[in-house]
Amino acid sequence: MRYWIMKSEPDAFSIDDLRNRPKQTEHWDGVRNYQARNMLRDEMKKGDQAFFYHSSCKEPGIVGIAEIVRGAYPDFTAFDPENHHYDPKSTPEAPRWYMVDVRFKRRFKRTITLAELKEHEALAKLTLLRKGNRLSIMPVSAKEWNLILDLE
DNA sequence: GCCAACGTTGGC
DNA sequence: GCCAACGTTGGC
C-alpha cells in the first residue's frame, strides 16, 4: 500500500465537493502530465491512501485524506470534444490518459499549510516541497505520511 | 497580477 | 536532435 498527495484547486474541486458526491466517490480526471500519468497508471492501486491538497487558494495545504477505490482506467474526458481536457490524440482504442476513483475518508480538523510543512526538516525531501515540482500527483513515504499526520 | 520553473510544440 | 517560443502551474 502506497501513500500519495493529490492536488486540486478547491474552486474547481474541493475535498468538500468529494464528500458531497454520491457514495463520497469521484473519478480523478484531467491528469495531462506524463510523469503524473505514469505514477497514476502504474503505481496507484486500490486501497492506497492520499492526502488531499488544496492549491491555488488562500491557504494552500493538506486538508484531509482520500482513498483510492479503483485503480487506473482510461480517462474518458479526453475523448469528449466538449470537455476542457479533451485530447484528440487519446482514443478509446489507444487511450493516452488515465484516471482513478477516489473516496472521501476524512477532513482534517484544520489545514496543514504548505508554510507549515516547509518548517519541518524531516519533510525536506517531500516531493511536494521540491523546487519547481508542480505534479498533481506525488508519492509520499510512510515516514512522511505519519509525520504529517502527527501535525494535525 | 507577477514570475519562476517547468513541459510541450514545431521549425530547422 | 536542438532550442526558441509558448503555455501552464501555483505560490506569493
Side-chain angles (χ1 to χ4, degrees), chain A residues 2-21 26-44 48-68 71-141 143-145 147-152:
Chain A
R2 293 174 189 263
Y3 299 105
W4 306 92
I5 289 180
M6 301 177 84
K7 288 198 279 191
S8 184
E9 298 186 21
D11 287 346
F13 186 69
S14 72
I15 193 166
D16 297 315
D17 292 330
L18 179 60
R19 177 162 51 187
N20 291 331
R21 284 291 192 273
E26 185 58 286
H27 50 266
W28 197 272
D29 63 13
V31 173
R32 296 291 181 272
N33 170 286
Y34 289 104
Q35 233 185 308
R37 180 207 65 183
N38 292 347
M39 283 191 286
L40 183 148
R41 185 191 60 191
D42 305 334
E43 295 174 43
M44 221 175 210
D48 286 1
Q49 307 225 73
F51 285 132
F52 200 113
Y53 180 92
H54 282 174
S55 67
S56 292
C57 56
K58 203 166 194 175
E59 198 177 46
I62 297 168
V63 292
I65 296 174
E67 182 176 336
I68 312 305
Y73 60 105
D75 183 342
F76 51 76
T77 67
F79 310 145
D80 176 11
E82 302 297 311
N83 194 282
H84 179 62
H85 295 294
Y86 174 59
D87 181 356
K89 291 174 185 158
S90 187
T91 64
E93 295 73 33
R96 173 174 293 199
W97 306 113
Y98 288 80
M99 58 188 177
V100 296
D101 286 353
V102 298
R103 183 167 62 212
F104 174 84
K105 195 143 192 193
R106 69 183 181 92
R107 202 190 204 295
F108 287 164
K109 293 187 279 283
R110 63 183 192 88
T111 300
I112 300 172
T113 66
L114 176 62
E116 187 180 348
L117 294 171
K118 285 178 179 169
E119 288 171 12
H120 294 272
E121 192 64 35
L123 294 175
K125 286 186 177 170
L126 192 68
T127 313
L128 174 76
L129 304 179
R130 287 288 177 86
K131 191 172 164 187
N133 210 320
R134 304 166 308 165
L135 293 178
S136 58
I137 292 172
M138 292 171 289
V140 179
S141 73
K143 194 179 273 184
E144 290 163 343
W145 178 271
L147 206 149
I148 292 168
L149 277 183
D150 284 341
L151 298 179
E152 188 189 3

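We use all heavy atoms of the structure for the numbers below, so side chains are in, but hydrogens, waters and symmetry mates are not. Protein chains get the first letters and strands the later ones, always in sequence-line order, with residue 1 at the start of each.
A/K58 comes within 4.0 angstrom of nothing in the nucleic acid, heavy atoms only.
Taking atom CZ of residue A/R32 and atom P of nucleotide B/dT9, one finds them 13 Å apart after rounding to whole Å. Separating the CD atom of A/E59 from the P atom of C/dG10 is a distance of 17 Å, rounded to the nearest angstrom. A straight line from CD1 of A/I5 to P of C/dG11 spans 12 Å, rounded to a whole angstrom. Computed from coordinates, the A/E9 CD to C/dC12 P distance equals 15 Å when rounded to whole Å. Between A/L129 atom CG and C/dC12 atom P there is a gap of 10 Å when expressed in whole angstrom units. Remark: P of B/dC6 and CE of A/M138 are 13 Å apart, rounded to the nearest angstrom. The distance between atom CZ of A/R134 and atom P of B/dA5, rounded to the nearest whole Å, is 11 Å. Per the geometry, CG belonging to A/N33 stands 14 Å off C1' belonging to C/dG10, to the nearest Å.
The number of heavy-atom neighbours closer than 6.0 Å to CD of A/Q35, taken from other residues, nucleotides and ligands shown, is 12 or below.
Side-chain atoms of A/S14 and A/R107 include no donor-acceptor pair closer than 3.5 Å.
Between A/W97 and A/Y34, the ring center distance clears the sub-6.0 Å criterion.
Nearest nucleotide to the A/Y53 side chain, out of B/dT9, C/dG10, C/dG11: C/dG11.
By the 4.5 Å heavy-atom criterion applied to side chains, A/F76 and A/M99 are counted as neighbours.
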